[in-house]
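For the numbers below, each heavy atom of this structure counts, side chains included, while hydrogens, waters and symmetry mates do not. Order of the sequence lines sets the chain letters (A, B, ...), proteins ahead of strands, with each chain counted from 1.
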Number of protein chains: 2
Amino acid sequence: MSQTPSPGPAGSSQLIRQLNAQRVLGCMWGREPSTATELMHATGLTRATVLTLCRDLTEQGWLQVSENSRQAGQYTKGRPALRYAFREDACHVIGVDAGLHQVTAAVANLRGVEIGCATRPSNPEGSEAPLQPAPERRRTILDTIDAALAQADLTHADVACLVIAVPAPVDSSGDSPKGLNAFWGLMNPELISLGAEHGWDCAVDNDANLAALAELDLGSGAAEDSFAVILSGERLGAGLVMDGSLLHQSRGGIGELGMLDLVQGVESSNGLGWWARHLAREALKQAPGHAGPLGAVTPEEVTSEHVFAAAEQGDLLALEVIDQLADRLARICVVLAGLLDLDRILVSGAIAPALTDVAARAKHKLAQYLYAPWLRIEASALGADAVRRGAIRLAVDRIKDQALPGAPGA
Amino acid sequence: MSQTPSPGPAGSSQLIRQLNAQRVLGCMWGREPSTATELMHATGLTRATVLTLCRDLTEQGWLQVSENSRQAGQYTKGRPALRYAFREDACHVIGVDAGLHQVTAAVANLRGVEIGCATRPSNPEGSEAPLQPAPERRRTILDTIDAALAQADLTHADVACLVIAVPAPVDSSGDSPKGLNAFWGLMNPELISLGAEHGWDCAVDNDANLAALAELDLGSGAAEDSFAVILSGERLGAGLVMDGSLLHQSRGGIGELGMLDLVQGVESSNGLGWWARHLAREALKQAPGHAGPLGAVTPEEVTSEHVFAAAEQGDLLALEVIDQLADRLARICVVLAGLLDLDRILVSGAIAPALTDVAARAKHKLAQYLYAPWLRIEASALGADAVRRGAIRLAVDRIKDQALPGAPGA
DNA sequence: TGCTTATATTAAGACTCTATATTTAGTCCG
DNA sequence: CGGACTAAATATAGAGTCTTAATATAAGCA
């Protein structure tokens, strides 16, 4: 009596089956079709085992046999091998960059390739109107998703996972702290519930964290590196990757940069875009009738784009601003890389393409403050796409983790 | 042909056996003796399985049957259960705190209980002589180890693992960076090789990191918390624990606090002990003939102990110093906790017992700079023992991880 | 057609855990 | 002192996994 613990019929022997199935699927995920022989080498399992696993995975919808057995001329002798291919369209995911001023949603296959994308304005820039209330923002996001789905010619039923990026800290349950900062609550009005309403797996996360995931995906060869991704438009935010995995915490406050208020020469968590505009404005006021290209706009009209464009043309005043931005960035890097011994720091976000020069100068200035010759400071190649790409990456990862047991649908 | 991958006789079926064995051993490690029934509940396995695993583990030397079957009056009816007990003396470990001024070594059993401890001076305090050369320092450490072993009445053959803590960053291969800072090389002169010379498993790590491990061991209930441990004697160093696991990196520079040079109101990585002395000295020079207890010593003689003792007695000048220390500490906490969203910050090291008041004041001042009401700032209860305890903890952990397969000796 | 080659399939063996029945070691009680 | 009672230990059978080795298959090539 009293001898029926919990596990089902034949106990934990199936556990190892699942582990192996996951290993095989992991070897094939997003990659070229493989033969059993290749998988044997990759997994260390026997041919018999690999083939039964592949058959199971095919039945479940994760794989399909691709007929081009001996194609690619890998060999010509002997019986042609079965080739199994990863079904990148077994199901689909949605990644949303729900920014302050605009919402972008993309539908992607399991390889992370976007097959539909749409953008909608939200809290139009320059407008002085109060921020969108929660229901309106939720509707905007859903509309954007539907538009992206329509473009991909898919329906709600084809979607397995939704990930939304918001410019706010997000805790482990998907909520953003309220009360302290009303902005955060308006950026993330219970967005996590959007998934449940449609029966999708769903996650909400901070935009900088997701941008970091996107950079991790590009993977500079070594998967072991540690880096920070700084989102730097109007306000600063960072995502931290240590040893190839994103730092997370239940309150979701990792990478908040409010503490920069205390750092000499930084003194605020305003972004580089904000500072470019601010510094240029002040400088123009000091030097009315400035002769360079930047003199063409009034102090009130000047934007960060003006500054970067003028610097390209050699405007001395703009170059001085660039230099100050670089010093600011260098100091931020000192704090992050000094404390965490990072390998590199990436500046990302929409203005990243304009910051390659700033990053290079920051790298140069860094040596004044910190000995870290290995540290790379670079502008992200992803730019405005980083956040959305990261959302997709996380969505695909979630599917991957839940993969076994069960078919792609469930 | 070509069908013999690598695994041995019956393949990866034994893997699950090992996993289960490790689970059982993990359930018993350092805890009270258990019966099969208890282990069934803990592991979810069947009685038959648990018993065979226990028998195997007993043969390997990890467990032993304790005869007091029905002792403790847990029940009186039925056949008495076999009770298996963890053999805390299956082998032993050595933890060494190889500080600048003194070396402390302790021998501990697998429960982490010290059964022998010894201390030797190294680079005597106050002396102006150059630092010990490498061979001498290695000899000092070995002497200390031998003394601890002698006290425990054990020999080299009883030791399975050695962990050494040094006041320097340590990379993943156990080396400290040379050239840049000669001090580091002298603190860690290839200490990792001491293990191989005696056939012990060996690790070298940064002292602050190990202090963090020791605090983790105390475990405030929730194993999920994130905190920093600040070692704060002459120089500052920190160990970072995120979500219950220590942050590490191949270069070993995590927790180096050189970047505090850039933080307003901190401006250096000198420790709180250094600052207590320095501030008191300056203040005494400013106020010659100071009436309070602190006036009893000359500016040149004053030490941090004097300051804390005088503050206890209400010396106004000392209290002013305490207040400045608290502000400094608060700012350090802002940087660490703001960036990493920590749950608590512990000040550890030899002077920790004197810093309870400083920590409390820092917590109070923190609100000026950062909203983090959940953050606790406390002085560690471990004090001067923290580093050594952490070294022991790491050594025991290493044994635990290597535990299966094989007997404790191997 | 037959030989060669590389793969797929199948059956047997070893190992794991579970499930159930049986034995054992005690206490308790008449 | 012997017999019920109880809870644990043991023994046996069953289902599951992987590997191993033998066999079958699908091509190319002479």
- For A/Glu38 and C/dT7, give me the distance from atom CD to atom C1', rounded to whole Å. 13 Å

- Message: Please report the distance, rounded to the nearest Å, between CG in B/Leu51 and C1' in D/dT12.
- Response: 16 Å

- Item | Phosphate contact (D/dG16 OP1 or OP2) by A/Arg17 side-chain N/O below 4.0 Å | no

- Message: As a test of reading the structure: which of D/dA8, C/dA25, C/dT16 is closest to the side chain of B/Ala81, going by heavy atoms?
- Response: D/dA8

- Please check the phosphate of C/dT7 (OP1 and OP2 only) for any side-chain N or O of A/Thr37 closer than 4.0 Å. yes

- Item | Side-chain touch B/Leu162/B/Val96, heavy atoms, less than 4.5 angstrom | yes

- Message: Please confirm whether the shortest side-chain N or O distance from A/Asn20 to OP1 or OP2 of D/dC18 is below 4.0 Å.
- Response: yes

- Query: Taking the side chain as C-beta and beyond, is there a heavy-atom pair between B/Leu110 and B/Trp62 under 4.5 Å?
  - Reply: yes

- Note on the structure: Of the listed C/dA25, D/dA9, D/dA26, the closest approach to the B/Pro80 side chain comes from C/dA25

- Task: Specify the separation, in whole Å, of atom CD1 of A/Ile16 and atom C1' of C/dA14.
- Result: 13 Å

- Note down the inter-axis angle between the two ends of the helix from C/dT1-D/dA30 to C/dG30-D/dC1, five pairs each, to the nearest 10°. 30°

- Item | For atom CD of A/Gln18 and atom P of D/dG16, their distance in whole Å | 14 Å

- Set of salt bridge (charged side-chain N to carboxylate O under 4.0 Å, His left out) partners for A/Arg398, sequence neighbours left out: A/Asp201

- Salt-bridge criterion met for A/Arg111 and A/Glu32 (N-O under 4.0 Å): yes

- For A/Asn20 and A/Arg23, does a side-chain donor sit closer than 3.5 Å to a side-chain acceptor? yes

- Side chain of A/Arg79 only, please: which of C/dA25, C/dT5, D/dA26 is the nearest? D/dA26

- Please state how far atom NZ in A/Lys77 lies from atom P in C/dC3, giving the value in whole angstrom units. 18 Å

- Message: Rounding to an integer number of Å, can you tell me how far A/Leu15 CG sits from D/dT17 C1'?
- Response: 11 Å

- From D/dT19, D/dT10, C/dC17, pick the nucleotide closest to the side chain of A/Thr49? D/dT19

- Determine: side-chain N/O of A/Arg47 to OP1/OP2 of C/dA8, distance under 4.0 Å, yes or no. yes

- Message: Less than 4.5 Å apart, side chain to side chain, heavy atoms only: is that true for B/Leu154 and B/His92?
- Response: yes

- Query: Atom CG of A/Leu45 and atom C1' of D/dT20: how far apart are they, to the nearest Å?
  - Reply: 14 Å

- Quick one: side-chain contact (heavy atoms from CB on, under 4.5 Å) partners of B/Asp171, sequence neighbours excluded? B/Ser173, B/Asp175

